[in-house]
Protein chains: 2
Amino acid sequence: MTEPDTRGSAEDAAAQADAIDRIMGQWALECPDLDVSALEIIGRLSRFAALVQARLDAVFAEYGLQSWEFDVLSALRRAGAPYELTPGELDRALLITSGTTTHRVTRLEARGFVTRRRDDDDRRVVRVRLTDAGVEIQAAAHAAHAANEVRILSGLSDAERSALLDGLRAMGRVLGDRSEGVAAV
Amino acid sequence: MTEPDTRGSAEDAAAQADAIDRIMGQWALECPDLDVSALEIIGRLSRFAALVQARLDAVFAEYGLQSWEFDVLSALRRAGAPYELTPGELDRALLITSGTTTHRVTRLEARGFVTRRRDDDDRRVVRVRLTDAGVEIQAAAHAAHAANEVRILSGLSDAERSALLDGLRAMGRVLGDRSEGVAAV
DNA sequence: TTCGAATATCTTGATGTCAAGATAGTAACG
DNA sequence: CGTTACTATCTTGACATCAAGATATTCGAA
């Protein structure tokens, strides 16, 4: 077997258990004294993030993009004209290390989606800028990507959606995910 | 700069915006016609999963473990005595490919936390089993890990917690994350 | 001005992961 | 039996990522 098995197997009854319910059930049997209450939330958070990512990747692939490529192009695009950021700003926006940014930018430069140039005022600084081709492919992929995200969430009721959103906002507060980083509006 | 910057910067007022709010604000300015409603949820899901993972990693490191090591040890532990699964079962439980499982098991075997042996009834099958040392380190790390998860969520009110949980359960349903995989109870 | 500290980016080496395919064992069907 | 399909695991090669450190530039204080 080559790929991980992410599909559901049986179309079972209404209140079906998901993988985390099963895992919690196993712990309850094996280690009844262990506090697994937080697993219910954190386990789902990371598992579902992985499952969602797989679905997003499928759409990016239709445009010949890796999701990390799309992430960089989008960060540049939403920075506004002239669609330019420094590597350091990309580090912070994308939660990646500086070495990773160097590598990503080099690859995107080779594909013709971004350019690099030294800043004249501070020659330590590099300016990474989206090319026209970069703007184009980002726009095309983004439209499909947004539709894909909407499709993924289309199975949620309004109440579920807003519960999820409220809960996630609270998580953002707890995690201290303040919005510094990337160039202001 | 070597590490990504994940801390919040300013201890600002009550209804503070997080990084996703900022990103949505940028899109609203740059592409007002683009539907970014789903980004609010999916963006947070994946961003927060990454932020949480970084906090979990810190605790695993105190026990000399990578999180992928802990993941394997835990999957074996919760399978119940004799703490044994096949590589294929690990693939499915951990959402990884078979090559990755081979590599993980080899490393854990070298550290003395698991053993490998061929199944006698079906010699294609391998049995990966936790050693005593494996059981011990998993138990120690798991106690600290569970406490860490509880700590991370301690900033949530009961209402926020249950909203988040309800929302995530709905996501599990939407994503079809049925619990097959790993050996039954 | 000069020199040390700080900053921004890039380089290096190691590593975890995947996709694709190789190997070996089992099952099914004549 | 024997051949073919299937299954389980492992191997290989490519690659994204990270941590640590190297390089180049700017800033600040004596």
Pairs under 3.5 angstrom only: tabulate donor-acceptor contacts from the side chains of residues 55-66 of chain B to other protein residues two or more places apart or in another chain.
{"from": "D57(B)", "atom 1": "OD1", "to": "Q53(B)", "atom 2": "NE2", "distance (Å)": "2.9"}
{"from": "D57(B)", "atom 1": "OD1", "to": "S67(B)", "atom 2": "OG", "distance (Å)": "3.0"}

Got a salt bridge between R161(A) and E40(B), using NZ or NE/NH1/NH2 to carboxylate O under 4.0 Å?
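Between E40(B) and R161(A) there is no salt bridge, as every charged N stays at least 4.0 Å from the carboxylate O atoms.
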Using 4.0 Å as the upper bound for N to carboxylate O, is an ion pair formed by R44(A) and D18(A)?
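Salt bridge: yes.
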Please determine whether any donor N or O and acceptor N or O are separated by less than 3.5 Å between the side chain of R124(B) and the base of dT9(D).
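Flag unset: no donor-acceptor pair detected.
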Can you tell me the distance, in whole Å, between the [atom1] atom of [X] and the [atom2] atom of [N]?
X       : N       : atom1 : atom2 : answer
L65(A)  : dA16(D) : CG    : P     : 13 Å
R127(A) : dT9(C)  : CZ    : C1'   : 13 Å
L94(B)  : dC18(C) : CG    : P     : 10 Å
F70(B)  : dG16(C) : CZ    : C1'   : 19 Å
D91(A)  : dA8(C)  : CG    : C1'   : 9 Å
D57(B)  : dA19(D) : CG    : C1'   : 14 Å
L95(A)  : dA16(D) : CG    : P     : 19 Å
W68(A)  : dC15(D) : CH2   : C1'   : 10 Å

Name the nucleic acid region contacted by T101(B), choosing base, sugar-phosphate or nothing; use a 4.0 angstrom heavy-atom cut-off, strictly under.
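Since no nucleic acid heavy atom lies under 4.0 Å of T101(B), the category is nothing.
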Residue V126(B), side-chain atoms from C-beta onward, closest of dT26(C), dC10(C), dC10(D)
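So the side chain of V126(B) is nearest to dC10(D).
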Could you grab the distance from atom CD1 of I41(A) to atom CG of L156(B), nearest 0.5 Å is fine?
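I41(A) CD1 to L156(B) CG: 6.5 Å, rounded to 0.5 Å.
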Earlier contact from the 5' end, DNA chain D, for Q66(A) and R123(A)
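First, find each residue's nearest nucleotide; the 5'-ward one identifies Q66(A).
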Hey, could you give me each pair passing ring pair (Phe, Tyr, Trp, His ring centres under 6.0 Å) that has a residue in residues 82-123 of chain B? Not counting sequence neighbours.
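Sorted result for residues 82-123 of chain B: empty, none.
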Taking only N/O atoms, report every protein-nucleotides 11-13 of chain D pair under 3.5 Å with atom names and distance.
none

Let me know which of D119(A), T115(A), D120(A) forms a side chain to side chain donor-acceptor pair (under 3.5 Å) with R127(A).
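When D119(A), T115(A), D120(A) are each tested with R127(A), the side chain to side chain donor-acceptor pair (under 3.5 Å) holds only for D119(A).
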Is there a side-chain polar atom (N or O) of T86(B) under 4.0 Å from OP1 or OP2 of dT9(D)?
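Yes.
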Examine distances only and state if a side-chain atom of R169(B) and a backbone atom of L165(B) form a donor-acceptor pair shorter than 3.5 Å.
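Checked: no pair found.
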For DNA chain D, which residues in residues 111-122 of chain A have a heavy atom at a distance below 4.0 Å?
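Going residue by residue through residues 111-122 of chain A, the ones with a heavy atom under 4.0 Å of DNA chain D turn out to be D121(A), D122(A).
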By salt bridge (Lys or Arg N to Asp or Glu O under 4.0 Å) - contacts of D122(B) (at least two apart):
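D122(B) satisfies salt bridge (Lys or Arg N to Asp or Glu O under 4.0 Å) with R124(B) once adjacent residues are dropped.
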Side-chain donor-acceptor distances from residues 135-144 of chain B under 3.5 Å, at least two apart:
{"from": "Q138(B)", "atom 1": "NE2", "to": "S74(B)", "atom 2": "OG", "distance (Å)": "2.9"}
{"from": "Q138(B)", "atom 1": "NE2", "to": "H142(B)", "atom 2": "ND1", "distance (Å)": "3.2"}

